[in-house]
Number of protein chains: 2
Amino acid sequence: MAKKHELIKGSIDSLLLCVIVQQPMYGYQIIKELERRSQGYFKFKEGTLYPALHRLDKAGLIRGEWQTLPNGRQRRYYYITEKGLNILAAKRGQWLDFLTAMNLIIQPASE
Amino acid sequence: MAKKHELIKGSIDSLLLCVIVQQPMYGYQIIKELERRSQGYFKFKEGTLYPALHRLDKAGLIRGEWQTLPNGRQRRYYYITEKGLNILAAKRGQWLDFLTAMNLIIQPASE
DNA sequence: CTATTGTGCATAGTGACACTAGGTGTCATG
DNA sequence: CATGACACCTAGTGTCACTATGCACAATAG
């Protein structure tokens, strides 16, 4: 039960690219940003986010760079790549297609 | 590659309930109906559909009944149950919530 | 001074689930 | 007689989000 979020599968990549494309971000910040912008709907845990970031990094869609803060701490900022931009555009299109198809089926028969 | 359909995960149950609620259907027909109504977007294979139907049946959301055609062939028609109706309503709500959240993130920053 | 909470990164294990690939059998068409 | 449509089914596989856990440091609370 309580598996309301099965829909999310397959959308995380797009979500991550969407926030990183606006400005480079580090993991923890991404979680907060997604929660903020979705008005609390998306609350990813680290165990979900970091593997996803690594996957995108490995795929060449984003690039992670360690940065040292003035206090000596380390953060890993992720930047979107050219390839990532292309994929993001494609994913936006896929999302629209999917959305359209879903709405054709799921909307209550309104006749 | 060619995994454009990762988004579909978690939506199949809703799709099946959506078509069965309008009229009882059998598996093969459901595939065709979903393809027709989505204008070709959803093309489920039997290996995807039948396990999903069995799952919904087991969960009590639909009920399958064998019917014998005049020519002696057998079809299994699925009917939605009371429980299925409730779940369908809930799933429609979840879909709207998800849709809203996704759009908040994914739409191009249009300011 | 210690405990908790927040920040920040990471991995291992699990379970759900759609997909591929295959199997059975009938019927109509070429 | 072979192909494709019809109609059902299952086993195996891979992906992926989630839970749980760990490390490390800072700030605040008690």
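Letters go in sequence order (proteins before strands), and every chain restarts at 1. Small disclaimer: the values here were computed from a predicted structure and weren't measured.
- Among the protein residues, B/K32 comes within range of the sugar-phosphate backbone only, with heavy atoms under 4.0 Å from sugar or phosphate atoms but none that close to a base.
- Put simply, CG on A/L49 is 12 Å from P on C/dT11, counting in whole angstrom units.
- For the pair A/R55 and D/dT15, the criterion of a side-chain N or O lying under 4.0 Å from OP1 or OP2 is not met.
- Across the protein-nucleic acid pair, A/E33 atom CD and C/dG8 atom C1' stand 17 Å apart, rounded to whole Å.
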Protein N or O to nucleotides 21-26 of chain C N or O, pairs below 3.5 Å:
unit_1	atom_1	unit_2	atom_2	d
C/dG25	N2	B/R73	NH2	2.9

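- Residues B/F42 and B/F44 bring their aromatic ring centres within 6.0 Å.
- Here B/L53 contributes atom CG and B/L16 contributes atom CG; the two are 5.5 Å apart, rounded to the nearest 0.5 Å.
- A cation-pi arrangement, defined by a distance under 6.0 Å to the six-membered ring centre and an angle within 45 degrees of its axis, is absent between A/R76 and A/Y26.
- As a whole-Å value, the separation of B/R75 CZ from C/dC27 P is 13 Å.
- For the pair A/K45 and B/W66, both in contact range of DNA chain D, the more 5′-proximal nearest nucleotide belongs to B/W66.
- In this structure, B/L53 atom CG and D/dC9 atom C1' are separated by 12 Å, rounded to whole Å.
- The separation between A/R76 atom CZ and D/dA24 atom P is 19 Å, rounded to whole Å.
- In this structure, B/E35 atom CD and D/dC6 atom C1' are separated by 15 Å, rounded to whole Å.
- Between A/Q67 and A/Q74 the shortest side-chain heavy-atom distance does not fall below 4.5 Å.
- The phosphate of C/dC9 has neither OP1 nor OP2 within less than 4.0 Å of any side-chain N or O from A/Y28.
- Using a 4.0 Å cut-off, some side-chain N or O of B/H54 falls inside it from OP1 or OP2 of D/dT10.
- Taken to the nearest 0.5 Å, the SG atom of B/C18 stands 11.0 Å off from the CG atom of B/D13.
- Using a 30° and 60° split on the angle between ring planes, B/Y41 and A/F98 fall in the tilted class, from 30° to 60°.
- We find that CG of A/L16 is positioned 12 Å from P of D/dC16, with the value rounded to whole Å.
- If you measure from atom CD1 of B/I30 to atom C1' of D/dC9, you get 15 Å, rounded to the nearest angstrom.
- For A/P51, whose side chain is taken as the heavy atoms from C-beta onward, the closest listed nucleotide among C/dT11, C/dG8, D/dC9 is C/dT11.
- In this structure, A/I87 and A/K91 have side chains that are in contact, with non-hydrogen atoms separated by less than 4.5 Å.
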